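Because the structure is a prediction, the values reported are computed rather than measured. Start at 1 and go down the list; that is how both ligands and their atoms are numbered.
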Amino acid sequence: MGKVLMIGAGGVATVAAFKIVQNQDVFTEFMIASRRKEKCDALVKAIHDKGYKADIKTAQVDADDVEQLKELFNSFKPELVVNLALPYQDLTIMDACLACGCNYLDTANYEPKDEAHFEYSWQWAYKDKFEKAGLTAILGCGFDPGVSQAYTAYAAKHYFDEIHYLDIVDCNAGNHHKAFATNFNPEINIREITQKGLYYENGKWIETEPLAVHQDLTYPNVGPRDSYLMHHEELESLVKNYPTIKRARFWMTFGKQYLTYLDCIQNLGMSRIDEIEYEAPLADGSGKTAKVKIVPLQFLKAVLPNPQDLGENYDGETSIGCRIRGIKDGKEQTYYIYNNCKHQDAYNETGMQGVSYTTGVPAMAGAMMFFKGLWRKPGVWNVEDFDPDPFLEVLNKQGLPWHEEFGGDLEL
Ligand code: NDP
């Protein structure tokens, strides 16, 4: 039924690949392409070593290069391209999709390399082109963004006439037993969390200093955790799609040790994303040096633990959900919908930790919605633009069951 090309072979892609292989009735042909073909081949081997039988093709591609992408798309002819590389590649992959008649799905909004800036305008600008080409683009189909929007859409569809207050709460109560590590690509992660906070209230966006606003929130099966207000991309589409929202915020938990390291990293200049000159030894072994340009944050990424290697000793769980207050039949209603995911369960199934798992499973589920014809309409769409019901049903069956609480104290 479906021919899918996945770009990227990192943590999130590994989980998505396992899930695609577990659903071969939907995904009948599968190729993995990434910057390094050997990483794709290693992923295929990991899948076969777990006992799955699947014919998976692999290829090398530089996804920054539209011509290389076009060549690959024209030879494999995928119906859907699932972009699990980095946000920097969103637009080149969308361009190649348009040129070759492929549909598109990703898990993070476009970011220019030289500016840590999170907004959908660049990708929304492709709406007309995808519409005219009769192609579907599904943006931000991970957990948050992604499931967080499906949860909100589900609440709006079934339980509220008007949503007034929305708080997306993201807790990682796991321990990987490293002094400092990020749970997904370190460069992308550190760019995100060192940004100013931003939330929406009464029609306006309000900026805060980075991680300046925080409070204890109680997470199911976890307990209270200090949670920090951050900007997160899905707020932008949610307040547009649900205009009754008076306030929308996003919260993420961080431990004290993590924040101390982050502070040091910033104070040392290691989170800088501009190029600096560095006197480096020449590779010819002559002992001579030459000035090279490096980006400190990219260098830091090279020395930090790879998020793909954290799974084995990771204990604890994630708990991510939406706390919503609004009106149903004239009465005030509160609602909390969430998923808890244990890192060890994720590791046992896919070799990856829970953060990769909670992103990779929805990416597969979104792709499945596309192939089943349920999330297929020409244009560029966010997750809440589609029917949440079949998507949430799939998550229930594919390792990310969700739970609901009605009428509780949301703490917010
Ligand atoms: P990784 O760094 O582990 O994986 C990225 C993969 O893309 C790597 O295999 C990398 O190759 C490959 N890649 C990078 N640049 C290129 C390029 N130019 N051409 C081809 N391949 C390339 O990242 P994660 O798996 O942790 O994250 C993947 C995506 O998921 C990111 O966009 C991230 O922002 C997003 N994400 C979304 C979340 C959500 O809930 N919505 C949560 C977490 C992550 P190589 O291995 O050679 O470096």
Side-chain angles (χ1 to χ4, degrees), residues 5-17 31-43 58-69 72 81-93 96 105-111 113 116 118 123 138-151 168 170 172 181-193 230 232-234 237 250 252 297-298 301-302 304-311 318 320-321 339 341 346 350-366 382-383 395 400:
L5 168 65
M6 182 180 84
I7 302 184
V12 174
T14 297
V15 173
M31 176 186 267
I32 305 171
S34 190
R35 184 164 55 174
R36 289 179 286 151
K37 185 174 179 299
E38 62 268 28
K39 239 181 137 176
C40 309
D41 293 333
L43 172 50
T58 60
Q60 189 280 328
V61 73
D62 177 0
D64 288 318
D65 183 339
V66 180
E67 293 310 312
Q68 276 193 35
L69 288 165
L72 178 69
V81 175
V82 173
N83 167 17
L84 300 178
L86 298 178
Y88 312 137
Q89 283 92 41
D90 288 3
L91 300 187
T92 45
I93 298 176
L105 179 147
D106 68 26
T107 64
N109 70 2
Y110 172 70
E111 253 180 84
K113 273 189 184 144
F118 307 95
Q123 289 181 277
I138 303 169
L139 305 185
C141 196
F143 206 104
D144 45 349
V147 178
S148 55
Q149 289 139 285
Y151 282 170
I168 301 170
D170 179 331
N172 181 1
T182 63
N183 294 292
F184 63 95
N185 184 288
E187 184 184 337
I188 305 297
N189 189 211
I190 291 172
R191 282 163 70 110
E192 177 183 324
I193 60 184
M230 286 175 53
H232 228 241
E233 60 205 58
E234 66 265 49
S237 64
F250 182 96
M252 190 178 275
L297 183 56
Q298 287 172 0
K301 174 188 180 269
L304 283 176
N306 181 345
Q308 280 185 259
D309 301 332
L310 297 176
T318 61
I320 317 176
N339 160 265
C341 175
T350 64
M352 297 294 119
Q353 33 80 4
V355 176
S356 300
Y357 192 85
T358 54
T359 312
V361 174
M364 179 283 295
N382 295 89
V383 164
L395 294 184
L400 295 179

Give the atoms of ligand 1, by number and element, whose distance to some non-hydrogen atom of [X] is under 4.0 Å.
{"X": "Ala108", "value": "32 (O), 34 (O)"}
{"X": "Ile188", "value": "34 (O)"}
{"X": "Lys39", "value": "46 (O)"}

Is a donor from one side chain sitting under 3.5 angstrom from an acceptor on the other, for Glu187 and Tyr88? yes
Under 3.5 Å side-chain donor-acceptor pair for Thr58 and Asp41: yes
So is Gly146 touching ligand 1 or not, going by heavy atoms under 4.0 Å? no
Is there a heavy atom of Pro307 sitting under 4.0 angstrom from any atom of ligand 1? no
Is it the side chain (CB and beyond), the backbone, both or neither of Asn185 that lies under 4.0 Å from ligand 1, heavy atoms counted? both
Charged N to carboxylate O under 4.0 angstrom, Lys113 versus Asp64? yes
Atom 30 (O) of ligand 1: nearest protein contact (heavy atom, Å): Thr107 OG1, 3.1 Å
Side chain Asp106, main chain Gly140, donor-acceptor under 3.5 Å: yes
Could you work out, for [atom], the closest of [options] by heavy-atom distance?
{"atom": "atom 16 (C) of ligand 1", "options": "Arg191, Gln89, Glu111, Arg36", "result": "Gln89"}
{"atom": "atom 31 (C) of ligand 1", "options": "Ala85, Gly8, Gly360, Cys40", "result": "Ala85"}
{"atom": "atom 8 (C) of ligand 1", "options": "Ser356, Gly10, Ala13", "result": "Gly10"}

